2 protein chains.
Amino acid sequence: MLRLTRRSEYGLMALAYLASRPREYCSVREIVEELKLPKRLLAEVLKDLSRAGTVEATRGPGGGYRLVRSAEELPLARVVEILEGPVAMTDCMAQTCELEASCIIQTGIGRVTSSIRNVLEDMTVAELLPASSEAPLAV
Amino acid sequence: MLRLTRRSEYGLMALAYLASRPREYCSVREIVEELKLPKRLLAEVLKDLSRAGTVEATRGPGGGYRLVRSAEELPLARVVEILEGPVAMTDCMAQTCELEASCIIQTGIGRVTSSIRNVLEDMTVAELLPASSEAPLAV
DNA sequence: TCGAAAAGCACCGAAATAGTGCTAAAATAC
DNA sequence: GTATTTTAGCACTATTTCGGTGCTTTTCGA
Ligand code: SF4
Ligand code: SF4
């Protein structure tokens, strides 16, 4: 069904939350209390996002995570790639497939995959938030 | 990674093959020989497509499957829905999700899901085939 | 009546996913 | 310096999904 993994979903939720608190460090504890997510799992996800450079972290009391760039500059595709790997509908779009020789839909699938990639690259985390939500996104 | 299942992939390949042999009954044996797919699995997939009415079958020697309508009228979304269930990036797009109360991205995710649905509804099995569509491909 | 083919059902094993445990390192506060 | 808060890193388990198969029945044509 072309499902997002929970990791991606939680990650996007957390990033959207961070987007609503610009420049502020938010701890995992705070985020999971607000969003009601499994704490350890979200921690794992944010670690990955941190390693990948979409959020930055500080430790200790008052620490937490915040966005490195504004949410308008963070396409969904980027997040999904970090948390799940390349956006690809089939093997051949990411690695190789041993059926390529006899496959009659590869090029067609390539086109669909591109379209879906475009959707995910054109939409940003900022656009995930409902129109008049929480806070302005000004920096 | 938003992957298609193998069932969908095999299904699409088989349908594309049938599209290249209009009105002709093709047996599972013939199709898997041509496309090098696992026989029993493709049989299972075609059964599902048959139940759903996108292909029709006749049994016995010379039997097999063929498209009910032309491939131009068969959107990818239809095939994926039959073989995997509703096209939905998240639970809430298909059933319900117990996080909906605190979820801040649901509406946003809804928009992305719609876009992806549109991509899959706008593209048909006919368009999967490489440029010279109707040309029989084997030999 | 025989063989080719789909239909139906049930099952197994492997892989991906969701989620947790535990320890270390850094930043802060006293 | 010690305690506390918080991220970092690693490894592991449990569950679910998925890919694939076995076997029997039904239908059809020759
Ligand atoms: S589309 Fe064809 S080539 Fe690509 S992964 Fe699927 S079978 Fe392999
Ligand atoms: S987007 Fe929000 S409401 Fe929808 S499934 Fe994910 S968590 Fe639940």
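Treat the numbers as computed from the prediction; the structure is a model and nothing was measured. Each chain gets a letter, A, B and so on, in the order its sequence line appears, and its residues count up from 1.
- Put simply, the side chain of B/Ser50 never gets that close to the backbone of B/Leu46: no donor and acceptor are under 3.5 Å apart.
- What separates CG of B/Asp48 from P of C/dG8 is a distance of 10 Å, to the nearest Å.
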Protein and nucleotides 16-19 of chain C: nitrogen or oxygen contacts under 3.5 angstrom:
residue, atom, partner, partner atom, Å
C/dA18, OP1, A/Arg6, N, 2.6
C/dG19, OP2, A/Tyr10, OH, 3.3

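- Here D/dT21 presents its P atom at 12 Å from NZ of B/Lys39, a figure rounded to the nearest Å.
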Going through the checks in order, is the salt bridge (charged side-chain N to carboxylate O under 4.0 Å, His left out) test met by B/Glu56 and B/Arg66? CA-CA 6 Å; B/Glu56 54 191 346; B/Arg66 70 178 182 190; 2.9 Å; yes

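- The residue among A/Lys47 and B/Ser27 whose nearest nucleotide of DNA chain C is located toward the 5' end is B/Ser27.
- A heavy-atom distance below 4.5 Å is found between the side chains of B/Glu44 and B/Lys47.
- One can place CZ of A/Arg59 at 5 Å from C1' of D/dT7, the figure rounded to the nearest angstrom.
- Listed nucleotides C/dG3, C/dA7, C/dA6 differ in distance to B/Pro61; the shortest reach to its side chain belongs to C/dG3.
- Separating the CG atom of B/Leu42 from the P atom of C/dA5 is a distance of 14 Å, rounded to the nearest angstrom.
- The side chain of B/Arg51 approaches C/dG8 more closely than any other nucleotide in the set C/dG8, D/dC10, C/dA7.
- Between A/Thr58 and D/dT6, a side-chain N or O to OP1/OP2 separation shorter than 4.0 Å is absent.
- If you measure from atom CG of A/Leu2 to atom C1' of D/dT17, you get 15 Å, rounded to the nearest angstrom.
- Under the side-chain contact (heavy atoms from CB on, under 4.5 Å) rule, B/Leu18 has a single partner from B/Leu74, B/Thr54, B/Val55, B/Leu49, which is B/Val55.
- A donor N or O paired with an acceptor N or O is not found under 3.5 Å between the base of C/dA5 and the side-chain atoms of B/Arg29.
- Taking 4.0 angstrom as the limit, A/Tyr65 places a side-chain polar atom (N or O) nearer than this to OP1 or OP2 of D/dA8.
- Looking at heavy atoms from C-beta onward, A/Ser27 lies out of side-chain contact with A/Tyr65 at the 4.5 angstrom threshold.
- Nearest to the side chain of A/Ala57, among D/dA8, C/dA4, C/dT20, sits D/dA8.
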Salt bridge (charged side-chain N to carboxylate O under 4.0 Å, His left out) assessment of A/Asp122 paired with A/Arg117: CA-CA 8 Å; A/Asp122 288 346; A/Arg117 269 197 197 127; over 6 Å; no

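- The nearest whole Å value for the distance from the CG atom in A/Asp91 to the P atom in D/dC18 is 14 Å.
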Does B/Glu72 form a side chain to side chain donor-acceptor pair (under 3.5 Å) with B/Thr124? I'd like the steps, not just the answer. CA-CA 6 Å; B/Glu72 285 85 0; B/Thr124 70; over 6 Å; no

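- Atom CD1 in B/Ile31 sits roughly 15 Å away from atom C1' in C/dA4 (whole-Å rounding).
- Atom CG of B/Leu49 and atom C1' of C/dA6 are 14 Å apart (whole Å).
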